[in-house]
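Let me begin by presenting the structure, written as C-alpha cells, before commenting on it.
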Amino acid sequence: MDIDELMRRLFELYPDGCTVDMREPFFALISTVMSHRTRDDVTYPAAEKLFKRFSTPEEMAEAEVEEIETLIKDVGFYRVKAGRIKEISRILLEEYNGRVPDEMETLLKLPGVGRKTANCVLAHAFLKEDALAVDTHVHRISNRLGLVVTKNPEDTEIELKNVLPKKYWINVNILLVKFGQNVCRPVSPRCGVCILNDMCPKILL
DNA sequence: AAAACGGGGGC
DNA sequence: GCCCCAGTTTT
C-alpha cells in the first residue's frame, strides 16, 4: 500500500479544510462536541451561528442555555449538547483561567469530551504531533483499505499510528470524514466512483 | 456490554 | 416513512 499516494489523492479530492476555525481552541472544542453523531454539513452552519453570537468562554458561560439550544437546534442531541457547552465554558472559566487545556488527561475531564474530541482539539488547535483523532469513519475506512485490522476505534488509533506517517495524522480525520460521507459510506459504499479502487482490497462495485 | 440521547438528510 | 449519522455517558 502506497500511503503517500493514498493521501495525495484524498488531498486532491478535498483541498478545502473545515469552515470553522479549528486553530482557535475554543471553537475547535465546542464545534467538535457539537459534531457528535451529527453530519458535518449540519454541524458547521450551526457552529458558525453559535460563535457569531457567543465567541468566548466568558460569553458562553453567561448565556442562557435556552438561547444556546435555539442556536444549535439543527444538530442531534442539541439539548444535551447545549448544556454541555455551557458547563464546559463555566469550567474553563473557573478551573482553567478561561483557556482550553492542551493536555489529553485534562480535556477528558470536561463533560462530553472523550478521546476522539480531545484528539481533535490537540491536533487542530494545539498542533500536537502525537494526536490522531479516530472516529467511526477513520476506523471503518482504515479497515476497509486494509491499513489496520481492528475491532474498535481505540485499537485503530494504536494500529494506525504504526502504519500512517506522522505528518498525516492532523489531516486524516477531516479527509476521511468527507470521504466517508461522500464515497466510502458506512452502508452502500459508492465504489463505482471511488478513486482508491486500485488500492482497496474490498471493492464492492 | 448495551442502551440512551435526537433532529436532519438521503432515499 | 424509514434508516442512519464527526461519540460519550449512563445503566
message = Counting only heavy atoms not in A:R99 (residues, nucleotides, ligands), do more than 12 fall under 6.0 Å from its CZ?
response = no
key: Between C:dC4 and B:dA3 - P atom distance, rounded Å   = 15 Å
Upstream residue (5' side of DNA chain C) when A:H137 and A:V113 are each assigned their closest nucleotide = A:H137
query = From C:dT8, B:dG6, C:dA6, pick the nucleotide closest to the side chain of A:S35?
reply = C:dA6
Between C:dT8 and B:dG8 - P atom distance, rounded Å = 23 Å
remark   = Considering only heavy side-chain atoms of A:N173, the closest of C:dA6, C:dT9, B:dG8 is C:dA6
Out of B:dC11, C:dG7, C:dA6, whichever nucleotide has its closest atom nearest the side chain of A:R185 = B:dC11
Atom-pair distance (CZ on A:R79; P on B:dC5), nearest Å = 11 Å
request  = Specify the closest pair of heavy atoms between A:G180 and A:P186, including all atoms of both residues, with the distance to one decimal.
outcome  = O-CD, 3.9 Å
task = For A:L110 and for A:Y44, locate the closest nucleotide of DNA chain C by heavy-atom distance; then report the residue assigned to the nucleotide nearer the 5' terminus.
result = A:Y44
request  = Indicate, with a heavy-atom threshold strictly under 4.0 Å, whether A:K81 touches base, sugar-phosphate, or nothing.
outcome  = nothing
inquiry  = Taking any heavy-atom pair under 4.0 Å as a contact, classify A:F77: base, sugar-phosphate, or nothing.
reply    = base
Separation of A:E59 CD from A:R53 CZ (nearest 0.5 Å) = 8.0 Å
ask   = In terms of side-chain heavy atoms of A:V177, which of C:dC5, B:dG9, C:dA6 is nearest?
value = C:dA6
inquiry  = In this structure, would A:M7 and A:I170 fall into the same cluster of hydrophobic residues linked by side-chain contacts under 4.5 Å?
reply    = no
query = Just checking A:I174: base, sugar-phosphate only, or nothing, at a heavy-atom cut-off of under 4.0 Å?
reply = base
inquiry  = Quick check for you: to the nearest 0.5 Å, what is the distance between A:L196 atom CG and A:R144 atom CZ?
reply    = 12.0 Å
ask   = Which of these nucleotides, B:dG6, C:dA6, B:dG8, is closest to any side-chain atom of A:Q181?
value = C:dA6
request  = Among B:dG8, B:dG6, C:dA6, find the nucleotide with the atom closest to the side chain of A:K116.
outcome  = C:dA6
